[in-house]
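Notes follow once the structure below has been shown.
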Amino acid sequence: MVIATLPRERPSPVSKPVPPAETAAVFRAFARDLAAGRRLWDADTARFIAARFDQLAAEWDSTRATGRDDPLRDALRRGGPIPDRRCLELGSGTGLYTGLLQHAFRRVISLDLSEQMLCRASGRSPWRVRADAGALPLADGQVAAVAAIDMLLFPPETARVLAQDGVLLWINQLGEDGPLYLPATAVAAALPGEWHSVEADAGWGSWASCAERDAKCRVDGRSPRHPTGSDAVGFVSLAGGGTGDQ
């Protein structure tokens with residue numbers, strides 16, 4: 001594991017919206033245990049999360065979102081090289097950051113568990129998929145980048161769908177204060193294989209760009225969920241369709 005830390009370039013604004021400490025600590029513990037394989041992710045948990053975010057969708061943009069995109073902007077500028085082909089945006093929510101990703105990639109697939117969140121993103125993301133990030137409906141090696149913004153980490157699935165030169169963009173909008181915060185060391189350690197990461201603080205948060213050191217030599221025994229050798233993307237979308245560049 002190699003972690004390179006870049007100096008901060010984007011200052012932290014005043015009035016950072018820090019969530020309640022006890023609540024955030026519970027969620028961070030869940031995120032750490034899930035990433036490390038110590039916590040089970042099952043259908044009941046997925047349904048609970050989907051229902052919760054369905055309830056929050058209507059007020060998300062006005063009361064829940066940070067309104068800042070400093071970590072993602074900084075990651076896209078300094079976290080490279082990042083292939084500009086197809087990007088999978090995990091936990092895309094109402095699509096607040098989809099537009100920024102669309103400027104960096106040829107196609108952005110926005111994926112979320114919450115149908116109501118995805119419906120609210122209809123004017124922001126033309127390619128929306130309701131699915132579980134723990135069981136991604138994509139074939140192996142189908143995306144050049146995975147963008148996970150304030151998201152739980154599902155290491156095997158994230159690594160599986162990335163192309164050989166693919167990059168995971170791990171974004172923590174509130175840094176260590178965020179309820180789903182994982183440091184770059186924990187992310188790289190949880191992913192199967194050997195990964196190297198570049199990280200930095202930016203604005204209120206932090207980011208890490210992670211790439212597998214030798215993706216051609218994966219030995220974790222994973223087998224394709226769908227046939228390889230094609231550019232087909234096996235998902236059912238709320239909008240959009242067809243195929244595109246990896």
Side-chain angles (χ1 to χ4, degrees), residues 1-6 9-10 31 35 69-92 97-112 125 127 129 133-134 136 138-173 175 180-203 205-218 220 222 228 231 233 235 244-246:
M1 181 194 310
V2 177
I3 307 290
T5 302
L6 303 181
E9 289 191 356
R10 291 176 177 262
D69 57 15
D70 299 291
L72 179 57
R73 286 188 180 275
D74 200 40
L76 291 171
R77 191 175 73 83
R78 297 199 290 159
I82 303 172
D84 66 354
R85 303 188 303 275
R86 182 188 294 142
C87 172
L88 176 63
E89 182 187 11
L90 295 181
S92 57
Y97 306 106
T98 305
L100 186 54
L101 292 170
Q102 287 171 336
H103 284 292
F105 299 97
R106 299 178 196 173
R107 174 166 295 164
V108 177
I109 303 167
S110 301
L111 184 145
D112 203 287
S125 176
W127 288 74
V129 184
L136 293 169
L138 279 79
D140 291 10
Q142 286 294 301
V143 297
V146 169
I149 304 170
D150 289 336
M151 178 62 184
L152 295 168
L153 178 63
F154 296 88
E157 283 293 88
T158 299
R160 182 183 66 78
V161 301
L162 278 171
Q164 289 184 348
D165 61 344
V167 172
L168 167 62
L169 295 175
W170 182 256
I171 311 296
N172 295 290
Q173 291 286 67
L180 300 181
Y181 172 76
L182 281 180
T185 51
V187 175
L191 291 165
E194 291 293 324
W195 294 69
H196 60 83
S197 301
V198 178
E199 66 172 357
D201 293 328
S206 60
W207 60 266
S209 176
C210 307
E212 195 167 7
R213 298 185 67 180
D214 191 357
K216 294 181 180 180
C217 297
R218 290 176 177 164
D220 61 354
R222 287 174 289 144
T228 57
D231 193 39
V233 181
F235 59 72
D245 295 324
Q246 263 189 3

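It should be emphasised that the depicted structure is a prediction, and the values quoted were computed from it without experimental measurement.
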Side-chain donor or acceptor of D112 paired with backbone N/O of S92 under 3.5 Å: yes
From S206 atom OG to D70 atom CG, the distance as rounded to the nearest 0.5 Å: 12.0 Å
Within-4.5 Å side-chain heavy-atom neighbours: E212 and L191: no
Nearest heavy-atom neighbours spanning A184 and E199: CB-OE1, 3.2 Å
So which atom in A147 and which in C87 form the shortest heavy-atom distance, rounded to 0.1 Å? CB-SG, 4.0 Å
By salt bridge (Lys or Arg N to Asp or Glu O under 4.0 Å), which residues pair with D201, not counting sequence neighbours? none
Side-chain touch L88/V129, heavy atoms, less than 4.5 angstrom: no
Is the shortest heavy-atom distance from the side chain of N172 to the side chain of P71 under 4.5 Å? no
May I ask you to test the D74-L6 pair for a side-chain heavy-atom distance under 4.5 Å? no
L100 side chain reached by R73 side chain, heavy atoms, under 4.5 Å: yes
For M151 and A148 the tightest heavy-atom approach is CB-CB, 3.9 Å
From I82 CD1 over to D165 CG, what is the distance, rounded to the nearest 0.5 angstrom? 11.5 Å
Side chain proximity check, L162 to V143, heavy atoms < 4.5 angstrom: yes
Between Q173 and Y97, what is the shortest heavy-atom contact and its length? NE2-OH, 2.6 Å
Please report the interatomic distance CH2(W195) to CG(L168), rounded to the nearest 0.5 Å. 6.5 Å
Distance col, row E157:CD vs D140:CG, nearest 0.5 angstrom, shows 8.5 Å
Mind listing the closest non-hydrogen atom pair of P81 and V167 along with its distance? O-CG2, 3.7 Å
For a quick test of reading the model, state the closest non-hydrogen atom pair linking P192 to A159 and the distance between them. CG-CB, 3.6 Å
Between W170 (side chain only) and L182 (backbone N and O only), is there a donor and an acceptor less than 3.5 Å apart? yes
How long is the gap from CG on L152 to OG1 on T158, to the nearest 0.5 Å? 10.5 Å
Check whether the side chains of S125 and T98 place a donor and an acceptor atom closer than 3.5 Å, and report yes or no. no
So how far is it from L72 CG to E89 CD, rounded to the nearest 0.5 Å? 8.5 Å
Hey, does R86 have a side-chain heavy atom less than 4.5 Å from the side chain of W127? no
Would you check if F105 and L76 make a side-chain contact, meaning some heavy-atom pair closer than 4.5 Å? yes
